Enquirer: 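Dropping the structure in here first, questions after.
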There are 2 protein chains.
Amino acid sequence: MATIYQVSEMAGVSLSTVSRVLNDNDYVSKKTKKKVLEAMKELGYQPSSIARSLASSTTNSVGILVSELDGPFFGQMMSAIEEHLRIAGKHVIITPGHSDEKKEKSGFEFLIGRNCDAIIAHVEAVSNEYLIELSKGKTPIYLMSRYVKEIEDNCISLDNVMGGYLATKAMINKGHKNIAYIAGPQFKEDASNRLKGHKKALAEYNLTFDESLYYVGDFKETGGSDGLRHFIQNKAQITALVCANDEMASGAMKYAREHGFNLPKDLAIIGFDNVIFTNYLYPTLTTIDNPVPEMGRAAANLVLKDIYKKSGITVKHVFQPKLILRDSTPDIN
Amino acid sequence: MATIYQVSEMAGVSLSTVSRVLNDNDYVSKKTKKKVLEAMKELGYQPSSIARSLASSTTNSVGILVSELDGPFFGQMMSAIEEHLRIAGKHVIITPGHSDEKKEKSGFEFLIGRNCDAIIAHVEAVSNEYLIELSKGKTPIYLMSRYVKEIEDNCISLDNVMGGYLATKAMINKGHKNIAYIAGPQFKEDASNRLKGHKKALAEYNLTFDESLYYVGDFKETGGSDGLRHFIQNKAQITALVCANDEMASGAMKYAREHGFNLPKDLAIIGFDNVIFTNYLYPTLTTIDNPVPEMGRAAANLVLKDIYKKSGITVKHVFQPKLILRDSTPDIN
DNA sequence: TGCGTTTTTACTCGCGCTTTATAAAAATAT
DNA sequence: ATATTTTTATAAAGCGCGAGTAAAAACGCA
């Protein structure tokens with residue numbers, strides 16, 4: 001690999017001159033600039049970002065910490081962030097935390113150790129205190145889908161209470177009274193907030209929250225099927241099922257069909273997140289739109305503005321979910 | 001941030017001694033080792049991987065270049081690779097190439113510039129020649145789902161011709177004779193190989209390949225719906241539809257239903273890849289299993305063996321697809 | 001032509017760590 | 001008790017680059 005030194009030698013100038021043309025600094029004449037550029041091309045020179053980082057203590061890369069590398073939710077998120085950052089010439093370093101406290105912490109450490117200029121994290125297992133503490137460190141931390149009051153300027157979040165409320169209210173408006181709820185793991189803030197919204201909607205219409213119509217799933221397809229099985233085994237009389245995310249809704253749909261339900265007539269189902277495949281399910285799934293791509297762009301914009309000092313950027317911090325009505329929740333007569 | 005220097009000072013030893021305990025080198029007594037370790041803990045010392053990389057020209061990180069950050073296919077792939085590498089204490093740096101030649105090249109450059117110890121790439125737009133040339137560089141390149149003869153030892157691939165063959169043969173075996181095919185973009189090698197397999201199966205059963213039953217899609221849901229619309233508009237009389245991947249199959253299913261088809265009776269559909277949600281579609285989708293996670297692990301193993309010199313590893317380079325029969329392809333009477 | 005300016009270039013140090021070569025200390029042998 | 005080996009620690013030289021400072025060259029004007 002050619003180094004800056006060889007370039008300088010070939011172009012007949014000093015090291016720092018080469019460095020200056022690299023960084024597009026002023027104070028270098030067109031003639032020498034051209035000479036240097038030619039030498040670079042000739043040698044196939046490629047600056048070492050490692051050395052660069054060490055010298056300048058800035059890496060032009062931002063760390064992304066997500067729960068999983070797969071799944072439609074995180075896919076959309078990573079994709080939106082990356083795309084937006086790439087336009088500004090910044091790169092991303094992605095690492096998964098698997099919703100596990102230790103792994104999330106080690107993810108942070110890795111990213112910090114790599115000298116990322118900032119970190120955008122979607123973490124669920126670490127405590128607020130840990131995050132607040134971490135924010136005092138040298139690497140700025142931005143939080144996706146999580147609201148921590150003490151560092152709210154670094155948070156991009158969805159109003160999950162509202163989302164949960166909208167979902168259940170939609171069912172009520174369709175005429176349902178016996179509504180079961182499959183929640184996500186309650187240590188996850190969005191899951192517990194969605195549940196709050198559900199309860200709020202019930203209360204508003206004078207329906208009581210019934211423990212026997214409540215099941216905690218895993219946010220995956222299995223959570224949906226397990227939940228519905230649970231309700232069926234307990235002979236719960238339900239006409240509507242609210243799921244805390246789309247994967248669980250799709251699992252429940254499959255289980256329902258396999259057990260003689262005629263969808264959507266026998267059971268109305270609603271999901272949450274509006275992940276891409278919901279529109280390809282049958283019946284198409286009514287759900288709550290979670291503007292993940294938009295939020296990803298917001299997070300990216302936030303670091304562009306704060307860290308890379310781009311001007312003219314304003315970002316929204318709290319996003320609103322909205323109801324997407326499709327075929328899985330017909331009117332009942 | 002504490003540096004190695006401060007640790008050495010606090011422990012009362014020299015820089016290099018600290019470095020040696022960091023790297024678990026011999027030639028350091030237990031007593032001094034303990035002293036150093038304590039000093040590190042006290043200072044909350046965290047080695048700078050940047051400086052480390054610069055000095056040792058090894059980064060303990062492998063680059064991953066995929067087409068997209070979202071989508072079930074790449075999600076599974078990244079996830080499998082990352083998980084397997086992490087066990088060995090290696091980290092991944094992921095960047096997308098968007099199936100675009102320029103972007104793929106710039107992805108390679110980024111990863112090489114970051115001094116990755118190796119790169120695992122799923123690229124589709126760059127030429128074989130480019131890859132061969134790249135392989136001569138300092139950073140070893142491994143290819144996922146792509147077979148390039150000259151560097152076959154660095155390739156992990158699926159027998160796509162066989163896969164395409166199995167899919168169409170399955171339809172024929174079910175009794176279909178009028179089989180339409182929605183292909184993927186033909187510059188992508190797997191797409192063109194799957195098509196080859198399709199033609200091979202047709203030929204084997206004396207069916208002629210009919211251009212009017214052929215459509216090139218985009219490997220996304222829209223490709224499936226566009227393709228089926230195309231066939232319908234051209235009044236193609238078909239009883240079976242073979243799609244070159246699952247996303248397109250799901251798009252076609254949705255379109256079919258919206259246009260009065262009674263699935264699976266009126267139209268048998270098969271996909272390709274066996275992506276997770278195929279099992280949650282209705283009817284559940286018959287497809288060809290693409291052992292992506294297994295292949296991801298194989299790629300990870302390959303770099304563990306070649307680059308990090310782990311012993312006792314043998315890896316399979318070419319994987320075989322297999323037919324997964326589900327409800328979307330019933331027997332016809 | 002000479003002096004002050006402005007533009008352009010060169011030197012040098014340091015970022016935080018690894019890695020020789022080398023010296024000192026401890027252990028063993030003679 | 002000295003010579004020899006083995007073990008442990010040190011000092012110094014980079015890795016490739018950025019940035020601040022000093023120096024040189026080019027320019028302007030009287």
Side-chain angles (χ1 to χ4, degrees), chain A residues 1-40 43-61 109-110 112-117 137-139 308, chain B residues 1-37 39-40 43-61 109-110 112-117 137-139:
Chain A
M1 211 57 189
T3 79
I4 200 175
Y5 178 74
Q6 303 174 40
V7 174
S8 83
E9 200 174 27
M10 181 155 189
V13 298
S14 80
L15 292 192
S16 28
T17 304
V18 179
S19 170
R20 265 179 283 110
V21 348
L22 262 183
N23 298 290
D24 225 14
N25 200 313
D26 285 347
Y27 305 128
V28 39
S29 64
K30 290 205 171 163
K31 242 194 298 185
T32 43
K33 187 169 182 175
K34 200 179 148 201
K35 261 197 312 192
V36 173
L37 254 19
E38 275 167 2
M40 283 181 181
L43 288 165
Y45 168 75
Q46 183 79 26
S48 150
S49 65
I50 300 277
R52 223 164 180 177
S53 298
L54 187 59
S56 68
S57 64
T58 159
T59 57
N60 276 320
S61 67
E109 278 162 23
F110 169 63
I112 291 171
R114 302 284 314 181
N115 266 38
C116 292
D117 297 336
K138 69 167 187 194
T139 308
Y308 299 117
Chain B
M1 210 60 189
T3 79
I4 200 175
Y5 178 74
Q6 304 174 38
V7 175
S8 83
E9 201 174 28
M10 181 155 189
V13 298
S14 78
L15 291 192
S16 25
T17 305
V18 178
S19 172
R20 265 179 286 113
V21 347
L22 262 183
N23 297 290
D24 224 13
N25 200 313
D26 284 349
Y27 305 128
V28 39
S29 65
K30 290 204 171 163
K31 242 195 295 183
T32 43
K33 186 167 181 174
K34 198 179 152 204
K35 260 196 312 190
V36 172
L37 254 18
M40 284 183 180
L43 289 165
Y45 169 75
Q46 183 79 27
S48 151
S49 63
I50 300 277
R52 219 165 182 174
S53 298
L54 186 59
S56 68
S57 63
T58 158
T59 57
N60 277 320
S61 67
E109 278 162 23
F110 168 63
I112 291 170
R114 303 284 313 183
N115 267 35
C116 293
D117 297 337
K138 68 166 188 192
T139 307

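In the text below, chain A, chain B and the rest are named by the order of the sequence lines, each starting its count at 1. Predicted model, so just to flag it, every value in this text is computed and none were measured.
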Enquirer: Given atom CE of Met40(B) and atom P of dG16(C), what is their separation to the nearest angstrom?
Expert: 15 Å

Enquirer: Restricting to ring pair (Phe, Tyr, Trp, His ring centres under 6.0 Å), what partner residues turn up for Phe110(B), sequence neighbours left out?
Expert: His91(A)

Enquirer: Please write out each protein N/O paired with an N/O of nucleotides 21-23 of chain C under 3.5 Å, distance rounded to 0.1 Å.
Expert:
none

Enquirer: Check whether Thr59(B) reaches the backbone of Asn115(B) with its side chain - one donor and one acceptor, N or O, closer than 3.5 Å.
Expert: yes

Enquirer: For residues 3-11 of chain A, which side-chain N or O atoms pair as donor and acceptor with protein atoms under 3.5 Å away, sequence neighbours left out?
Expert:
unit_1: Thr3(A); atom_1: OG1; unit_2: Tyr5(A); atom_2: N; d: 3.0
unit_1: Ser8(A); atom_1: OG; unit_2: Tyr5(A); atom_2: O; d: 2.7

Enquirer: Exactly one of Lys34(B), Lys35(B), Lys30(B) should register a side-chain contact (heavy atoms from CB on, under 4.5 Å) with Thr32(B). Which one does?
Expert: Lys35(B)

Enquirer: Need the bend value for the helix from dT1(C)-dA30(D) to dT30(C)-dA1(D): angle between end axes, 5 pairs each end, nearest 10°.
Expert: 40°

Enquirer: Taking only side-chain N and O atoms of Thr17(A), does any of them lie within less than 4.0 angstrom of OP1 or OP2 on dT8(C)?
Expert: no

Enquirer: Nucleotide by nucleotide, 5' to 3', does protein get under 4.0 Å of the base (B), only the sugar-phosphate (S), or neither (-) in nucleotides 16-28 of chain D, counting heavy atoms?
Expert: BBBB---------

Enquirer: Only one of Thr17(B), Val18(B), Leu22(B), Asn23(B) forms a side-chain contact (heavy atoms from CB on, under 4.5 Å) with Arg20(B), so which one is it?
Expert: Thr17(B)

Enquirer: Just to verify, what does Lys33(B) make a salt bridge (charged side-chain N to carboxylate O under 4.0 Å, His left out) with, not counting sequence neighbours?
Expert: Asp24(B)

Enquirer: For the NZ atom on Lys31(B), are there more than 12 heavy atoms of other groups (residues, nucleotides or ligands in this structure) within a distance under 6.0 Å?
Expert: no

Enquirer: Looking at CD1 of Ile112(B) and OG of Ser48(A), how far apart are the two atoms once the value is rounded to the nearest 0.5 Å?
Expert: 12.5 Å

Enquirer: Check whether any side-chain heavy atom of Arg114(A) sits under 4.5 Å from a side-chain heavy atom of Ser61(A), and report yes or no.
Expert: no

Enquirer: Just how far, in rounded Å, is C1' of dA26(C) from NZ of Lys30(B)?
Expert: 17 Å

Enquirer: Can you tell me if Ser56(A) uses its side chain to pair, donor with acceptor, with the backbone of Arg52(A) under 3.5 Å?
Expert: yes

Enquirer: Just call it for Ser53(B): base, sugar-phosphate, or nothing, with non-hydrogen atoms closer than 4.0 Å on any strand.
Expert: nothing

Enquirer: Roughly how far apart are Leu54(B) CG and Ser49(A) OG, rounded to 0.5 Å?
Expert: 10.5 Å

Enquirer: Measure NZ/Lys31(A) against P/dT7(C) and give the value in whole Å, please.
Expert: 17 Å

